Amino acid sequence: MKLLIATGGTGGHIYPAIALADAAKQRYKDIEILFVGNEDRMEAKEVPAHGYAFIGLKASGLTGNPYKKVKAIAQMANAYRKAKSIIEDFQPDIAIGFGGYVSAPVMLAAHKKKIKTIIHEQNSVVGLSNKVVAKYMDAIVICYEKCFEEFGKEKTFLLGNPRATNAAHALLDEQYYQSLQLSSQKPLILVVMGSLGSTSINEIMKDALPKVSSDYEILFVTGKNNYEQMKKQIHVSHVHVVDYVRQLDIMKKVDLIICRAGATTAAEITALGVPSILIPSPYVAHNHQYYNASELVDKKAALMIEEKDLNAESLNKNIEKIMKYPEMRKQMKQAALELGKPNASNDILDLCDKLRR
């Protein structure tokens, strides 16, 4: 089997694609996998670092002044021509697009070459690239019911995010957990705003977390850029400040996570059934993290605090609302698990097999 994967731009597009590739490698002994993405974005480093063949194209989004938009259209046309050539050479059995503007010309080229095609939408708000190509695709995979409104139900499948499968299979690394010097006698609250952290959130947490009850152990992940400053300014024994954490290695011990509402994060916490307080980033396209969070809140799997409303009082109020009542945590865990798609990778590969047949 030959699998072509188009993805790019951000980790939210790239890491689910890599997760699916990893699952495909385990499932098919004779598989060949080729990634196509932007030549100058993070996928150009991340994909080869995970051991996969990668070809880069030049593409950019339709944003900015008229000159930039005309330039972007010209780049897309050139990317489309190059993608057709790549597909002719590789001859994939199936092509899967995980979003980012570079995936649009690749997936259109695959359709033109009569290759079976699937697009994967990670968020509750459909990205522009997937909107553009959807009608030409053989199948569409989504993670939120809301996306049926955009795509319809005829060829759309609610199968989830491959990162959920990674999370569901993750085991507790007891040795790593012990190295963090956390008390096993207290409930654990994990505070993390992505691998890079968030300067604006860290400034609020600096004042808010020391006021949280010492009945709980708090692991505060600042990101590398803010670590030294936060470490110097937080001096309470129940708040442990680190710059980075191998999140999936300790999630089995986490009683509550306070985090952003990106697609990967939502997939992981629902697969594991971890109660959450979501603080969606207001700085993302179409405010999609707010809508991701809303889906979990509506199903009673999470609480949400918008960043504009975040302060010591609102944080404490929501923490106590969850942590003081074990029955509420139990209900949130069950609601999250019902939303989770731990078999996402295998279900998507089953769909690939069905299309190939």
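Since the model is a prediction, treat every value here as computed from it, not as a measurement. Residue indices begin at 1 and follow the sequence shown. Values below: every heavy atom of this structure, side chains too, minus hydrogens, waters and symmetry copies.
Side-chain N or O atoms of Q289 include one that pairs as donor or acceptor with a backbone N or O of A261 at under 3.5 Å. Of the possible donor and acceptor atoms, one in the side chain of Q122 sits under 3.5 Å from a partner among the backbone N and O of H120. Side-chain atoms of T7 come within 3.5 Å of backbone atoms of H13 as a donor-acceptor pair (strictly under, hydrogens ignored). Proximity of a side-chain donor or acceptor of S276 to a complementary backbone N or O of L278 within less than 3.5 Å is not detected. A donor-acceptor pair under 3.5 Å is absent between the side-chain atoms of H238 and the main chain of Y216, judged by distance alone. Using modelled atom types, one side-chain atom of N318 and one backbone atom of S314 make a donor-acceptor pair closer than 3.5 Å. Between the side chain of E217 and the backbone N or O of S184 there is no donor-acceptor pair closer than 3.5 Å. No donor-acceptor distance shorter than 3.5 angstrom exists from the side chain of K116 to the backbone of K354, with no hydrogens or angles considered. In this structure, S198 contributes its side chain and M193 its backbone to no donor-acceptor pair below 3.5 Å. When atom types are taken as modelled, the side chain of H111 and the backbone of Y136 share a donor-acceptor pair closer than 3.5 angstrom.
Residues satisfying the salt bridge (charged side-chain N to carboxylate O under 4.0 Å, His left out) criterion with R81, sequence neighbours excluded, are absent altogether. Contacts of D249 classified as side-chain hydrogen bond (donor to acceptor under 3.5 Å, both in side chains), with partners at least two apart in sequence or in another chain: R246. Contacts of N166 classified as side-chain hydrogen bond (donor to acceptor under 3.5 Å, both in side chains), with partners at least two apart in sequence or in another chain: none. Applying the ring-ring contact (aromatic ring centres under 6.0 Å, His included) criterion to F35, with sequence neighbours excluded, gives Y52. Here S85 pairs with nothing under the side-chain hydrogen bond (donor to acceptor under 3.5 Å, both in side chains) rule; sequence neighbours left out. Among residues two or more places apart in sequence or in another chain, the side-chain hydrogen bond (donor to acceptor under 3.5 Å, both in side chains) test is passed with Y290 by none. Partners of R357 under the salt bridge (charged side-chain N to carboxylate O under 4.0 Å, His left out) rule, at least two apart in sequence or in another chain, do not exist in this structure. Applying the salt bridge (charged side-chain N to carboxylate O under 4.0 Å, His left out) rule to K206 yields the partners E203; only residues at least two apart in sequence or on another chain are considered.
Applying the salt bridge (charged side-chain N to carboxylate O under 4.0 Å, His left out) test to residues at least two apart or on different chains, the pairs with a partner in residues 250-274 are R163-E268, R260-E307. Applying the salt bridge (charged side-chain N to carboxylate O under 4.0 Å, His left out) test to pairs two or more places apart or on separate chains, none has a residue in residues 310-323. Each salt bridge (charged side-chain N to carboxylate O under 4.0 Å, His left out) pair with one or both residues in residues 148-158, not counting sequence neighbours, appears once here: K146-E149. Residue pairs meeting the salt bridge (charged side-chain N to carboxylate O under 4.0 Å, His left out) criterion with at least one member in residues 37-47, sequence neighbours excluded: D40-K58.
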- Are D353 and R356 close enough, and set up right, to give a side chain to side chain contact (heavy atoms under 4.5 Å, CB included), and what steps lead you there? CA-CA 5 Å; D353 289 341; R356 287 169 63 210; 3.3 Å; yes
CA sep, side-chain torsions, deciding dist, call: N202, T199, side chain to side chain donor-acceptor pair (under 3.5 Å):
CA-CA 5 Å; N202 285 347; T199 300; 5.6 Å; no
Query raised in the report: Does the side chain to side chain donor-acceptor pair (under 3.5 Å) test come out yes or no for T117 and D138, once each step is laid out?
Result: CA-CA 5 Å; T117 53; D138 294 299; 3.3 Å; yes
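Side-chain contact between P162 and I348: present, with at least one pair of heavy atoms (C-beta onward) separated by less than 4.5 Å. Using a 4.5 Å heavy-atom cutoff, the side chains of N316 and K211 are in contact. With contacts defined as side-chain heavy-atom distances shorter than 4.5 Å, the pair M304/P280 qualifies. Two residues are said to be in side-chain contact when any heavy atoms from C-beta on lie closer than 4.5 Å; L315 and L209 meet this criterion.
Cluster membership check: F90 does not share its hydrophobic cluster with M107, using side-chain heavy-atom separations under 4.5 Å among Ile, Leu, Val, Met, Phe, Trp and Tyr. By the rule that hydrophobic residues join a cluster once side-chain heavy atoms approach within less than 4.5 Å of another member, F157 and I142 end up as members of separate clusters. Side-chain heavy atoms closer than 4.5 Å link hydrophobic residues (I, L, V, M, F, W, Y) into clusters, and following such links, even through other members, never connects L349 to I115. Note on I31: it does not cluster hydrophobically with I86, by side-chain heavy-atom contacts below 4.5 Å among ILVMFWY residues. Under a hydrophobic clustering in which Ile, Leu, Val, Met, Phe, Trp and Tyr are joined whenever their side-chain heavy atoms come within less than 4.5 Å, directly or via other members, M137 and L4 fall into different clusters.
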